[in-house]
Student: 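Dropping a structure here in structure tokens format, bear with me for questions.
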Number of protein chains: 2
Amino acid sequence: MSDAGSRRPTVYDVAQEAGVSIASVSFAFRRPERISEATRERVLAAARRLGYAPSAAARGLANGRTGILGLHAFDLMLERADPSDIAPPRPDTRRPPLDAGAIIPWSQTDDETLSDPRAFPLYVDEVQRGFALECWMLGRPVVLSSGSDSDVSVADTAGRVDGLAIFPSPVLPTALLRMPATIPTVLFSVAPGDDPHHRVRVDNAGGMSALVDHLVRDHGYDDVAFVGRQEGFDNAERFAAYRASLTRWGLRPRDEPIDGTVRGPHRMVEQLSALHASGALPRVLVCATDQHALMALDALAALGVRVPDDVAVTGFDGILAGRLSTPTLTSVRQPMEAMGRAAARILAGTAGPLPEGQTRFDAVFAPRVVIRHSCGC
Amino acid sequence: MSDAGSRRPTVYDVAQEAGVSIASVSFAFRRPERISEATRERVLAAARRLGYAPSAAARGLANGRTGILGLHAFDLMLERADPSDIAPPRPDTRRPPLDAGAIIPWSQTDDETLSDPRAFPLYVDEVQRGFALECWMLGRPVVLSSGSDSDVSVADTAGRVDGLAIFPSPVLPTALLRMPATIPTVLFSVAPGDDPHHRVRVDNAGGMSALVDHLVRDHGYDDVAFVGRQEGFDNAERFAAYRASLTRWGLRPRDEPIDGTVRGPHRMVEQLSALHASGALPRVLVCATDQHALMALDALAALGVRVPDDVAVTGFDGILAGRLSTPTLTSVRQPMEAMGRAAARILAGTAGPLPEGQTRFDAVFAPRVVIRHSCGC
DNA sequence: TTGTAGGCGTTATCAG
DNA sequence: CTGATAACGCCTACAA
């Protein structure tokens with residue numbers, strides 16, 4: 001891509017240029033105090049003249065650490081609103097070449113999602129932002145990676161970092177098997193277990209319980225259904241808490257949660273439409289996530305069902321998009337940015353001492369019910 | 001941070017465990033076709049048993065490339081809304097230890113910015129998101145870094161990547177001097193120049209011109225001032241275009257742009273307040289960026305000035321926060337995500353052929369006026 | 001204060 | 001198809 005030029009300059013080149021040994025070059029960069037100011041100057045000047053920059057790979061090899069923290073997301077987590085691009089287009093050949101020279105018109109920029117509130121950051125983005133922010137404060141670079149399970153990608157990035165945080169995925173257990181045992185790892189939203197990995201998660205039960213309390217106590221709803229596949233630890237915990245909470249109020253949860261999938265025979269749209277046709281729509285849809293809730297909002301609008309008048313809808317997560325939907329989304333917000341930061345601190349070793357008798361962190365954050373309009377408030 | 005355990009397993013360990021040579025181990029991972037299926041299986045099994053993952057540092061050293069693309073932001077770009085944390089708190093010791101074991105209450109999570117629309121992604125975040133997205137599609141990891149100029153940070157990350165994109169900064173020229181000449185580089189929003197670096201930028205003149213046309217033609221405004229320091233290439237271009245456009249309409253631009261700084265003797269708040277006191281507030285404030293505009297909105301609200309009735313305000317950039325302000329912000333949106341993607345493609349070498357006779361890309365994107373309410377519409 | 005030499009874990013080359 | 005062996009670029013005792 002660039003002017004090939006000659007090969008990258010190394011310590012040897014700089015040493016020769018400056019008329020010193022390679023050790024002096026190294027010292028000039030890393031141990032300023034162990035070298036005379038004069039030679040240091042000479043070395044730095046030579047380095048600049050040659051366009052030299054130390055190779056992180058070589059340094060990493062030499063002292064056994066890369067200095068980078070990593071954050072990995074499996075492809076499944078990267079689903080965007082558009083169902084058509086759920087399958088991540090890998091070797092993407094369909095993009096037109098960059099038409100440099102002329103001004104690139106707006107129409108070629110794929111920025112038309114502007115009007116779609118779902119263009120807003122999702123769960124992953126917000127956690128990631130917190131992670132990156134904390135790393136910035138610590139002065140450490142972050143590497144972001146993604147990949148499917150079949151790839152060696154997780155193990156691959158594990159090889160580049162001093163610590164790795166990983167988003168949840170059905171394929172996580174498999175992937176973890178291929179991971180080096182020696183590198184510190186934080187798992188987001190994964191059930192506690194015997195493995196040596198740290199955890200950062202949210203108190204799903206507490207959040208769901210508070211939400212159901214609001215729906216039943218403050219609104220008097222008694223026909224409350226759950227939307228969202230039980231897939232994943234978070235969703236399962238939320239579903240369990242939904243059941244428990246309703247039961248506590250003496251109400252009967254609907255037995256089968258409504259499926260939250262986007263495609264396939266059990267698509268949410270199809271199910272809601274069937275329920276609507278048979279006049280069996282529940283009074284409230286408690287959704288496993290905000291994304292489910294936003295999808296439900298769309299589906300209901302398409303059916304001509306009014307929210308919250310006919311059906312109330314709630315989400316979980318508190319992503320920004322929920323503030324822009326119509327109606328605005330009542331949800332249970334988890335402190336995503338804080339969770340991302342916590343993971344970074346754990347990996348960087350700045351999270352403080354481990355709790356008494358523990359060998360790893362299990363940080364459970366309290367969520368908070370955020371009441372907006374979709375619940376009927 | 002982790003259980004120290006013994007040291008990380010290497011090819012030698014795996015080779016011994018599997019009873020083969022280290023070359024076979026390497027082949028098992030990288031050249032499956034050049035090795036018998038049987039030994040490959042044996043090697044992979046051994047590797048799994050040992051918790052082995054190849055070291056990216058060593059690989060990078062061996063074949064001269066890291067496979068990573070980088071994105072660097074100078075600290076100044078990371079300013080957030082809160083003026084109190086403009087100085088980036090580096091070795092941050094004030095954060096409490098992570099209170100694992102119990103549920104971490106909301107109040108300790110720093111997530112209180114929830115109600116502040118400025119918690120939304122800013123310019124840097126949106127570009128970064130596009131960059132990361134494109135890298136994901138290309139299957140390449142991204143490294144995010146930041147630092148001040150005095151640091152070696154830019155050169156430092158330059159040493160870790162195969163290509164580097166850099167956000168604008170007053171200190172950029174200095175930093176570039178310390179950069180290795182051999183690594184492909186993309187500069188965002190930087191004036192064209194003789195250097196070998198690629199450019200990704202926006203047509204400031206076209207955008208500003210269209211905006212002024214709207215203000216003058218459709219609203220009939222004739223007293224239009226500019227807000228925002230002239231610092232930086234983008235802002236300077238926007239200011240120049242503001243002057244030119246007004247002149248073209250036969251109007252007189254105010255000579256001195258209103259300063260957009262957050263602190264110091266020329267704070268925007270102070271200046272607007274003085275203008276207000278002397279009854280000299282302009283009819284329209286054309287701001288260099290959305291962040292300036294949002295700040296102006298706050299300042300005017302505090303003064304009891306109605307927007308857009310008394311004073312109209314416009315921004316530039318089109319960040320998401322402008323959709324949530326009161327009133328919503330009329331702005332000139334640049335396709336930030338597309339710009340981030342373009343940078344990634346240039347660095348990855350998937351941007352297509354260079355334009356005839358060019359040695360580097362200079363991708364200029366067209367912005368688009370987004371009319372909302374702050375202009376009086 | 002400066003130079004020499006060995007090692008870090010892979011990949012690549014070249015024999016066998 | 002497999003196994004030695006030499007880079008790769010930097011760091012760091014250790015020696016001068």
Side-chain angles (χ1 to χ4, degrees), chain A residues 6-44 46-47 50-67 152 155-156 158-162 180 182-183, chain B residues 6-43 46-47 50-68 152 155-156 158-162 180 182-183:
Chain A
S6 46
R7 79 182 205 309
R8 269 175 77 141
T10 74
V11 269
Y12 294 99
D13 302 313
V14 178
Q16 182 165 33
E17 172 84 9
V20 296
S21 78
I22 61 164
S24 301
V25 177
S26 182
F27 283 154
F29 280 90
R30 312 287 160 203
R31 297 269 184 284
E33 70 279 7
R34 295 171 62 139
I35 198 176
S36 77
E37 188 56 32
T39 52
R40 180 173 138 83
E41 285 301 338
R42 204 141 42 90
V43 170
L44 293 181
L50 264 44
Y52 164 81
S55 144
R59 178 157 68 249
L61 220 210
N63 53 0
R65 358 175 297 101
T66 64
V152 280
D156 199 86
R160 330 182 160 272
V161 299
D162 293 338
T182 48
I183 167 185
Chain B
S6 46
R7 81 182 203 308
R8 269 176 77 142
T10 75
V11 268
Y12 293 100
D13 302 313
V14 178
Q16 182 165 32
E17 173 84 9
V20 297
S21 78
I22 60 165
S24 301
V25 177
S26 183
F27 282 156
F29 280 90
R30 311 286 161 204
R31 298 267 185 286
E33 70 280 8
R34 295 171 62 141
I35 197 177
S36 78
E37 188 57 31
T39 52
R40 180 174 136 83
E41 286 301 339
R42 204 143 40 91
V43 169
L50 264 45
Y52 163 81
S55 142
R59 178 156 69 246
L61 218 210
N63 55 4
R65 358 176 295 101
T66 64
I68 309 191
V152 279
D156 198 86
R160 328 181 162 274
V161 299
D162 293 337
T182 48
I183 167 186

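Note that the coordinates shown come from a computational prediction; the quantities given were computed from them, not determined experimentally. Each chain gets a letter, A, B and so on, in the order its sequence line appears, and its residues count up from 1.
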Student: Would a 4.5 Å heavy-atom cut-off, applied to side chains only, mark A:Pro54 and A:Arg30 as touching?
Tutor: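 Yes, their side chains come closer than 4.5 Å.
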Student: Taking all atoms of both residues into account, what is the closest heavy-atom pair of A:Leu50 and A:Pro9, and its distance?
Tutor: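 Shortest heavy-atom contact: O-CG, 3.5 Å.
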Student: I want to confirm an ordering. Mapping B:Arg34 and B:Tyr52 to their closest nucleotides on DNA chain C, which one lands closer to the 5' end?
Tutor: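 This one resolves to B:Tyr52.
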Student: Check the phosphate of C:dT11 against B:Arg30, side-chain N and O only, distance under 4.0 Å to OP1 or OP2. Yes or no?
Tutor: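 Checking B:Arg30 against C:dT11: at least one side-chain N or O falls below 4.0 Å of OP1 or OP2.
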Student: Checking B:Ala62 now: which residues fulfil side-chain contact (heavy atoms from CB on, under 4.5 Å) with it, not counting sequence neighbours?
Tutor: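 For B:Ala62, no residue satisfies side-chain contact (heavy atoms from CB on, under 4.5 Å) once neighbours in sequence are set aside.
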Student: For A:Ile183 and A:Val161, which heavy atoms make the closest approach, and how far apart are they?
Tutor: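 Answer, listing the atom of A:Ile183 first, then A:Val161: CD1-CG2, 3.5 Å.
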Student: I need the B:Leu61 CG to A:Ser55 OG distance, nearest 0.5 Å.
Tutor: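 Answer for the CG-OG pair, B:Leu61 versus A:Ser55, is 5.5 Å.
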Student: Think B:Ser26 has a side-chain N or O under 4.0 angstrom from the OP1 or OP2 of C:dA12?
Tutor: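 Indeed not, no polar side-chain atom of B:Ser26 lies that close.
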Student: Considering only C:dT11, C:dT2, C:dA5, which nucleotide approaches the side chain of B:Asn63 most closely?
Tutor: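 Out of C:dT11, C:dT2, C:dA5, the nucleotide with an atom closest to B:Asn63's side chain is C:dT11.
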Student: Under 6.0 Å from the CD atom of B:Glu17, do we count more than 12 heavy atoms belonging to anything else shown?
Tutor: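 Yes.
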Student: Between B:Thr39 and B:Arg42, is there a side-chain heavy-atom distance shorter than 4.5 Å?
Tutor: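 A side-chain contact exists here, since the closest heavy-atom pair is under 4.5 Å.
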Student: Which part of the nucleic acid does B:Arg31 contact within heavy-atom distance under 4.0 Å: base, sugar-phosphate only, or nothing?
Tutor: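 Sugar-phosphate, no base atom in range.
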Student: What closest approach, in Å, do B:Arg8 and A:Gly159 show between heavy atoms, and which atom pair accounts for it?
Tutor: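 Closest approach of B:Arg8 to A:Gly159, heavy atoms only: NH2-CA, 3.7 Å.
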Student: For B:Ala57 and A:Gly60, work out which heavy atoms get closest and say how close.
Tutor: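 Where B:Ala57 meets A:Gly60 most closely, the heavy atoms are CB-C, 4.0 Å.
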Student: Can you give the first and last nucleotides of DNA chain D, 5' to 3', that have an atom under 4.0 Å from a heavy atom of chain A?
Tutor: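 The contacted stretch runs from D:dG9 to D:dT12.
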Student: Would you tell me if any nitrogen or oxygen in the side chain of B:Ser55 comes within less than 4.0 Å of OP1 or OP2 on C:dC8?
Tutor: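 For C:dC8, neither OP1 nor OP2 has a side-chain N or O of B:Ser55 closer than 4.0 Å.
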Student: Please give, in whole Å, the distance from C:dA12 P to B:Phe29 CZ?
Tutor: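 The distance from CZ of B:Phe29 to P of C:dA12 comes to 15 Å, rounded to the nearest Å.
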Student: Over how many whole Å does the gap from B:Ile22 atom CD1 to C:dG9 atom P extend?
Tutor: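 So the CD1-P distance, B:Ile22 to C:dG9, works out to 11 Å.
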Student: In whole Å, I'd like the distance from the CZ atom of B:Arg65 to the C1' atom of C:dT10.
Tutor: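 Distance check: B:Arg65 CZ to C:dT10 C1' gives 14 Å.
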Student: Taking only Watson-Crick and G-U wobble pairs with both distances under 3.5 Å, what dot-bracket line describes DNA chain D, where [ ] shows pairs that cross earlier ones and | shows pairs with another strand?
Tutor: ||||||||||||||||
Student: Which residues pass the side-chain contact (heavy atoms from CB on, under 4.5 Å) test with A:Val11, sequence neighbours left out?
Tutor: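 Once residues adjacent in sequence are excluded, the partners of A:Val11 under the side-chain contact (heavy atoms from CB on, under 4.5 Å) criterion are A:Ile22, A:Val25, A:Tyr52.
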Student: Go through residues 11-21 of chain B and report each residue with a non-hydrogen atom lying under 4.0 Å from DNA chain D, sorted by number.
Tutor: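 DNA chain D contact set from residues 11-21 of chain B: B:Val20, B:Ser21.
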Student: Test of understanding: with side-chain contact (heavy atoms from CB on, under 4.5 Å), list the residues that count as partners of B:Glu37, not counting sequence neighbours.
Tutor: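 Listed in chain order: B:Arg40, B:Glu41.
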